[in-house]
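Right, one structure below, let's go through it.
Since the model is a prediction, treat every value here as computed from it, not as a measurement.
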Amino acid sequence: MFDTLSDRLAATFKNLRGKGRLSEADIDATAREIRIALLEADVALPVVRSFIANVKERARGVEVSQALNPAQQMIKIVNEELVSILGGETRRLRFAKTAPTVIMLAGLQGAGKTTLAGKLGLWLKSQGHSPLLVACDLQRPNAVNQLSVVADRAGVAVYAPQPGNGVGDPVQVAKDSIEYARAKQYDVVVVDTAGRLGIDQELMRQAADIRDAVSPDEILFVVDAMIGQDAVNTAEAFRDGVGFDGVVLSKLDGDARGGAALSIAHVTGKQIIFASNGEKLEDFDAFHPDRMASRILDMGDLLTLIEQAEKTFSQDEAAKMASKLASSKGKDFTLDDFLAQMEQVRKMGSISKLLGMLPGMGQIKDQINNIDERDVDRTAAIIKSMTPKERAEPTIINGSRRARIAKGSGVEVSAVKSLVERFFEARKMMSKMAQGGGMPGMPGMPGMGGGPGRQKKQVKQAKGKRKSGNPMKRKADEQAEAARREQAAQGGALGLPAGQDDKNFELPDEFKKFMG
C-alpha cells in the first residue's frame with residue numbers, strides 16, 4: 001500500500017547522502033519533496049502541514065546542525081514524526097475487570113466488519129480468550145449467515161438468534177447476548193453491527209441504541225484503508241455521532257496510496273489498534289506505529305517477523321534441526337527435514353510478505369512481487385515423489401531415479417536435478433551457520449558474494465599466492481597487508497565503510513534487547 005510513498009521518500013533521502021552538513025536550501029528542498037510525497041499518498045492536508053512544520057523545525061535545530069551524519073539524522077527525524085502521526089505508542093485493547101468484555105464494531109457497509117469480526121475472534125482465541133461473536137447486522141442480506149460461516153472457520157462461538165434479512169431487533173439481540181455470554185462463560189463479546197452505504201441518521205441512531213444497551217468497553221471503528229480522504233470524514237462523523245475508542249484498518253494490503261492510515265489517528269485523536277492486511281483470517285494483528293513507520297522508510301519490520309516465527313516454529317523442533325545441522329557437517333539433515341522447514345515457513349504467510357519485512361527489500365520489490373508462490377508447492381511435490389531412502393540419502397539419486405521422480409511430480413527432469421543441487425548448497429550454508437561460521441555468500445543475492453564458481457576461483461587464487469623470496473619485497477607485502485587489515489578494522493560498527501561515521505545512528509529501543 002505504501003510503495004509509492006516509500007519510493008519517493010527513498011529518492012529524497014538518496015539526495016542527502018554524502019553531504020557533510022545540510023544547508024537551509026537542502027532542508028527546504030527535502031521538506032518540499034516529503035510534502036509532495038505525502039500529498040500524492042492522499043494524506044490529509046492538515047496532517048501534511050503539521051508533519052512538514054515539525055520536520056523543518058527539528059531539521060534546523062541542534063540535533064542536525066551538530067551531527068556528523070546529517071542524512072541519517074534527517075531519516076531519524078522523519079521516522080519519529082511518522083510514528084507520531086500514526087499514533088505514537090502501540091494501543092492495546094482494554095479488558096473489563098469483570099467478564100465479559102464487550103467490543104462493538106461500527107463502520108460503513110463494505111468496510112469489512114463481518115469478516116473482521118471473525119479475524120478478531122481468532123486473534124482473541126490465540127491470546128487465550130473465549131470470544132463470542134454476536135450477529136446484530138440484521139439488515140444486510142445474508143449477513144447473519146456470513147458471520148456464522150466466518151465464526152465456524154475461526155473456531156469460535158456465534159450468537160445469532162434472529163435470521164436477519166430485515167427480520168429482528170438488533171438492540172434486543174445485543175442486550176440478550178451479554179446474558180448468554182455470562183451463562184456460557186465467554187469472556188469477550190464481539191458485537192457486529194449493521195453498516196450503510198453512507199452516513200445517515202438511522203445508522204447513527206441504531207448504533208447509539210446498541211451502545212447504550214450493552215455499554216461496550218471498546219467501540220472499534222472499522223474503516224476501509226482504500227477509500228482515501230473519505231475515511232477521515234467518515235471517522236469524524238462517527239466520532240461525533242456515536243463515539244469510538246479506537247480504529248481498525250481493513251484491506252491494508254490493497255493498492256491504495258495509504259493516506260487514510262497516515263491521517264486518521266492524527267485527525268480524530270483516536271489510535272489505530274488493529275490492522276487487517278490480507279484475505280485469510282490469520283492476516284490480522286495489533287497495529288504498531290513504529291513498525292509501520294519502519295516499513296514506509298524501507299527499514300524493515302524484523303520484530304513482526306520474529307514474532308511470526310516464534311508463533312510458527314516450536315523451540316524443540318528448532319533445537320532438533322540445529323543439532324542435525326551442527327553434527328557431521330549437516331549430513332544428518334535430510335530432504336524430509338528440508339520439507340518440514342519449508343512447510344513451517346509457508347505457515348508464516350506469503351514468501352513475498354516475509355521478504356518485504358526485511359530491511360532494504362524495497363529496492364528489489366519488483367522481483368519480490370514476481371515470486372511465484374507455487375514454486376514451494378512444486379518443490380514439495382518433488383520431495384514427496386521420492387522414496388524414503390532417496391530423501392534420507394539424496395546422493396543415490398541418479399538419472400533413472402530423477403526421471404521417475406520428475407514423472408511422479410509432473411515436472412521436468414532438470415527441475416529435480418536443480419532441487420537436489422540447491423538442497424546440498426543450502427545444507428552446506430546452514431551447517432556452516434549452525435557451527436558458528438557466519439553466513440557465506442549466497443548465490444544470486446546482490447551484495448552477498450558470488451556463486452559457487454566464483455568462490456572456487458577465490459580459493460584457487462588464495463592457494464596460488466606465494467611469499468616472495470626477496471626479503472625487501474616480502475617486508476613491503478607484509479606492511480601493505482597490515483595496513484589493509486587496520487583500515488578494515490576502522491570500518492563502522494554497523495558494517496559501514498571506513499570513514500563513514502555511524503556514531504549518531506541509534507537502534508530503536510525494541511531492537512536493543514536483542515543486542516545483549
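To the nearest 0.5 Å, the span separating CZ on Arg239 from CD1 on Ile219 amounts to 14.0 Å. Taking CD1 of Ile34 as the reference point, atom NZ of Lys56 lies at 10.5 Å (rounded to 0.5 Å). Distance check: Ser177 OG to Leu132 CG gives 6.5 Å after rounding to the nearest 0.5 Å. Considering NE2 of His129 and CG of Leu93, their distance stands at 8.0 Å, rounded to 0.5 Å. Between Gln172 atom CD and Cys136 atom SG the span is 10.5 Å, to the nearest 0.5 Å. To the nearest 0.5 angstrom, Asp290 atom CG is 8.5 Å from Asn79 atom CG.
Residues Ile210 and Ala174 approach most closely at CG2-CB, 3.9 Å, considering heavy atoms. Considering all non-hydrogen atoms of both residues, Leu281 and Ala154 come closest at CD1-N, 3.7 Å. The heavy-atom pair separating Gly121 from Val156 by the smallest distance is O-CG1, 3.7 Å. For Ser276 against Leu116, the heavy-atom pair with the smallest separation is CB-CD1, 4.2 Å. Here the closest non-hydrogen pair linking Tyr186 and Ser130 is CD2-OG, 3.3 Å.
Looking only at side-chain heavy atoms (C-beta outward), Val188 and Pro100 stay at 4.5 Å or farther from each other. You'll find the side chain of Leu124 reaches within 4.5 Å of the side chain of Val190, heavy atoms only. Counting heavy atoms from C-beta on, the side chains of Phe244 and Lys270 come closer than 4.5 Å. Ile272 is not listed as a side-chain neighbour of Val248, based on a closest heavy-atom distance of 4.5 Å or more. Residues Leu249 and Asp224 form no side-chain contact, since every pair of their non-hydrogen atoms from C-beta on lies 4.5 Å or further apart. Residues Ile103 and Leu120 are in side-chain contact: their nearest non-hydrogen atoms beyond the backbone lie under 4.5 Å apart. Between Pro289 and Thr90 there is a side-chain heavy-atom pair separated by less than 4.5 Å. Using a 4.5 Å heavy-atom threshold, the side chains of Val247 and Val222 count as separate.
A side-chain donor-acceptor contact under 3.5 Å links Lys125 to the backbone of Gly155. Remark: side-chain polar atoms of Gln271 are not paired, donor with acceptor, to backbone N or O of Arg92 under 3.5 angstrom. Remark: the backbone N or O of Val242 is paired with a side-chain donor or acceptor of Arg211 at under 3.5 angstrom. No donor-acceptor pair closer than 3.5 Å links the side chain of Asp28 to the backbone N or O of Ala25. Between the side chain of Ser250 and the backbone N or O of Gly112 there is no donor-acceptor pair closer than 3.5 Å. Judged purely by atom type and a 3.5 angstrom limit, Thr268 uses its side chain to pair as donor or acceptor with the backbone of Ile264. A donor-acceptor contact shorter than 3.5 Å links the side chain of Thr101 to the backbone of Ala96. Between the Thr30 side chain and the Asp26 main chain, a donor and an acceptor come within less than 3.5 Å of each other.
Within a 6.0 Å sphere centred on CD of Glu24, heavy atoms belonging to other residues, nucleotides or ligands number more than 12.
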Check step by step if side-chain contact (heavy atoms from CB on, under 4.5 Å) holds for Thr193 and Met104. CA-CA 7 Å; Thr193 63; Met104 174 178 161; 4.1 Å; yes
Asp137 vs Arg140, salt bridge (Lys or Arg N to Asp or Glu O under 4.0 Å): CA-CA, chis, key distance, verdict: CA-CA 7 Å; Asp137 182 357; Arg140 182 169 62 88; 3.4 Å; yes
Check against side-chain contact (heavy atoms from CB on, under 4.5 Å), Ile273 and Leu220: CA-CA 8 Å; Ile273 302 180; Leu220 302 183; 3.7 Å; yes
Practice item. Could you give me the CA-CA distance, side-chain angles and deciding distance for Arg94 and Asp217, then say whether side-chain contact (heavy atoms from CB on, under 4.5 Å) is met? Key: CA-CA 7 Å; Arg94 289 192 303 259; Asp217 300 283; 5.6 Å; no
* Go through Val173 and Leu138 one step at a time and tell me if the side-chain contact (heavy atoms from CB on, under 4.5 Å) criterion holds. => CA-CA 10 Å; Val173 170; Leu138 304 181; 4.3 Å; yes
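Ring geometry, Trp123 versus Phe284: the interplanar angle exceeds 60°, so the pair is classed perpendicular (tilted spans 30 to 60°).
There is a side-chain donor-acceptor pair under 3.5 Å between Thr114 and Asp192.
Separation of the His266 and Phe51 ring centroids does not fall under the 6.0 Å cut-off. Note: Tyr180 and Tyr159 meet the aromatic proximity criterion, with ring centroids under 6.0 Å apart. Taking the six-membered ring for Trp and the full ring otherwise, Phe274 and Phe287 have centroids separated by 6.0 Å or more.
With salt bridges taken as basic N to acidic carboxylate O contacts below 4.0 Å, none links Glu282 and Lys119. With respect to Arg91 and Glu218, a salt bridge is recorded, a charged nitrogen being found less than 4.0 Å from a carboxylate O.
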